[in-house]
Amino acid sequence: MDFDYFSIEAILAENQKIQCTFKHEIPGMGHLGGGSERDIALLSKVQIPIWLAYTIIYSDWAEFNIPAPFGLRVRNALKANACSVRLSNLVGAGGLWYGFGKTIMDILSDNQANEMSDMLTKAFQERLVEVIDQAQHFAALGVAGSGGSSGNVAQVFREGLDTTERELFSLAQESAKRIKLWYEDSDRARH
């Protein structure tokens, strides 16, 4: 995923909310929590977009815990069977789990960021094999993602993928279809 100023994926990943616990009372900023209070009270827990959390956390006004999509429960599920985890269900905005994870890494300590990076990388590597395999399988069946039970299986599989994985699935499926056509055309040319 490309994280530049004009990247839609980056904008969506940075708009994800994280829960911050405020270390200080912040006068006149109660609207951040979406409530009716005028001020943010000491030890208030407020869900704020990550783009705003950078400033608040670096200013030492608040701290945050790693969000649930990257917590111990998800880590254990990924360790047990990475392909069984429906990453698209873990975060909103079209399932930008990897992008959100990379964004979270930017505000973690080096040690925590390295652990997060390892988790994201390992999950991606383990899931990539299945993504490519399924894409080639459904391309060989001639499934376009709809119609018949194979189409439903392909659709269910795709729905559990992160946006990045979905893009790779589509590319691998299209590539497999083109290779199949090439083999068929070259075979006809020989006869």
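All residue numbers in this chain count up from 1 along the given sequence. Here the structure is a predicted model, which is why all the values come from computation and not from measurement.
Contact of the V85 side chain with the L90 side chain is registered, since non-hydrogen atoms from C-beta on lie closer than 4.5 Å. Residues E165 and S88 fail the side-chain proximity criterion, which asks for heavy atoms closer than 4.5 Å. Residues W51 and T103 fail the side-chain proximity criterion, which asks for heavy atoms closer than 4.5 Å. Contact annotation: the side chain of F64 approaches that of I107 to within less than 4.5 Å [non-hydrogen atoms, C-beta and beyond]. Side-chain contact between M105 and L120 is present, with at least one heavy-atom pair separated by less than 4.5 Å.
Atom CG of N65 has 12 or fewer neighbouring heavy atoms from other residues, nucleotides or ligands inside a 6.0 Å radius. For NZ of K79, the number of neighbouring non-hydrogen atoms (other residues, nucleotides, ligands) closer than 6.0 Å is 12 at most.
At distances below 3.5 Å, at least one donor-acceptor pair connects side-chain atoms of D39 with backbone N or O atoms of G28.
For the atom pair R75 CZ and L78 CG, the distance stands at 9.0 Å (nearest 0.5 Å).
Grouping the Ile, Leu, Val, Met, Phe, Trp and Tyr side chains by contacts below 4.5 angstrom, directly or via other members, places M116 with Y54.
Across D162, T163, T164, L161, a single residue satisfies side-chain contact (heavy atoms from CB on, under 4.5 Å) together with W97, and that is D162. Residue P67 is tested with I18, V91, V74 for a side-chain contact (heavy atoms from CB on, under 4.5 Å); the sole match is I18. For the side-chain contact (heavy atoms from CB on, under 4.5 Å) with C20, the qualifying choice from V46, I48, L52, I50 is I48, the only one to do so.
When the salt bridge (Lys or Arg N to Asp or Glu O under 4.0 Å) test is applied to R178, the partners found at least two apart in sequence or on another chain are E174. Evaluation of the salt bridge (Lys or Arg N to Asp or Glu O under 4.0 Å) rule for D118 yields no partner, not counting sequence neighbours.
The aromatic rings of F124 and Y98 stand perpendicular to each other, their planes meeting at an angle above 60°, with 30° marking the opposite boundary.
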